[in-house]
**Q** 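Before we start, here is the structure in question, set down as structure tokens.
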Amino acid sequence: GVTGVQTCALPIYIRVFTDSKPVLEYEYLGTIKMHIALTGVYSEVRDYLIKTAKNKYPQCDAVIINRGSADVIKFK
């Protein structure tokens, strides 16, 4: 049998825009910049920017990724 309390951590989804901007209206929350050296592999950079954005701006809906940074936004 199972004892104790089980919890299920639901994944938090975030929209990612790469070198583009969404057409829906949004509020700019801030910018996340790369302060660490990564390999330059897109997935590594993307994952770092998303994780940092969600930690710093938990209410964010999306990130707009540019070279070495990401604008963090919330849709209106």
Side-chain angles (χ1 to χ4, degrees):
V2 177
T3 59
V5 177
Q6 289 185 333
T7 60
C8 177
L10 296 175
I12 298 173
Y13 295 98
I14 184 169
R15 292 177 178 96
V16 177
F17 297 88
T18 305
D19 295 322
S20 64
K21 292 190 177 187
V23 295
L24 297 176
E25 289 188 41
Y26 60 87
E27 173 187 354
Y28 169 80
L29 300 176
T31 299
I32 303 296
K33 295 185 179 186
M34 297 292 295
H35 293 291
I36 61 171
L38 299 174
T39 62
V41 175
Y42 171 74
S43 61
E44 184 179 15
V45 172
R46 179 202 61 213
D47 293 350
Y48 170 82
L49 292 170
I50 291 170
K51 182 178 178 181
T52 304
K54 285 307 280 184
N55 285 335
K56 191 169 181 180
Y57 304 98
Q59 74 278 24
C60 76
D61 293 322
V63 292
I64 303 169
I65 297 178
N66 301 300
R67 292 183 180 202
S69 69
D71 292 333
V72 185
I73 63 172
K74 178 161 185 60
F75 291 106
K76 292 184 179 182

**Q** Assigning hydrophobic clusters by single linkage (Ile, Leu, Val, Met, Phe, Trp, Tyr; side-chain heavy-atom cutoff under 4.5 Å), is L29 placed with I65?
**A** yes
**Q** Using 0.5 Å steps for rounding, measure from the CD1 atom of I64 to the CZ atom of R15.
**A** 12.5 Å
**Q** Who are the side chain to side chain contact (heavy atoms under 4.5 Å, CB included) partners of S43, not counting sequence neighbours?
**A** V41, R46
**Q** Quick check: closest heavy atoms across A53 and V72, and the distance to 0.1 Å?
**A** CB-CG2, 3.8 Å
**Q** How many angstroms lie between atom OG1 of T52 and atom CE of M34, to the nearest 0.5 angstrom?
**A** 8.0 Å
**Q** Among residues at least two apart in sequence or on other chains, which ones pass side chain to side chain contact (heavy atoms under 4.5 Å, CB included) with D47?
**A** none
**Q** Show me the donor-acceptor pairs within less than 3.5 Å that the side chains of residues 56-63 make with the rest of the protein, sequence neighbours left out.
**A**
unit_1, atom_1, unit_2, atom_2, d
D61, OD2, F75, N, 2.8

**Q** Which distance, rounded to the nearest 0.5 Å, do you find between the NZ of K74 and the OH of Y26?
**A** 15.0 Å
**Q** Please go through Y28's hydrophobic cluster and name the other residues, only I, L, V, M, F, W, Y counting, with side-chain heavy atoms under 4.5 Å joining them.
**A** none
**Q** Out of curiosity, does I73 fall in the hydrophobic cluster containing V16 (side-chain heavy atoms, cut-off under 4.5 Å, transitive links)?
**A** no
**Q** Nearest 0.5 Å, please: how far is CD1 in I50 from CD1 in I32?
**A** 11.5 Å
**Q** Residues two or more places apart in sequence or in another chain: which of them pass side-chain hydrogen bond (donor to acceptor under 3.5 Å, both in side chains) with T18?
**A** Y42
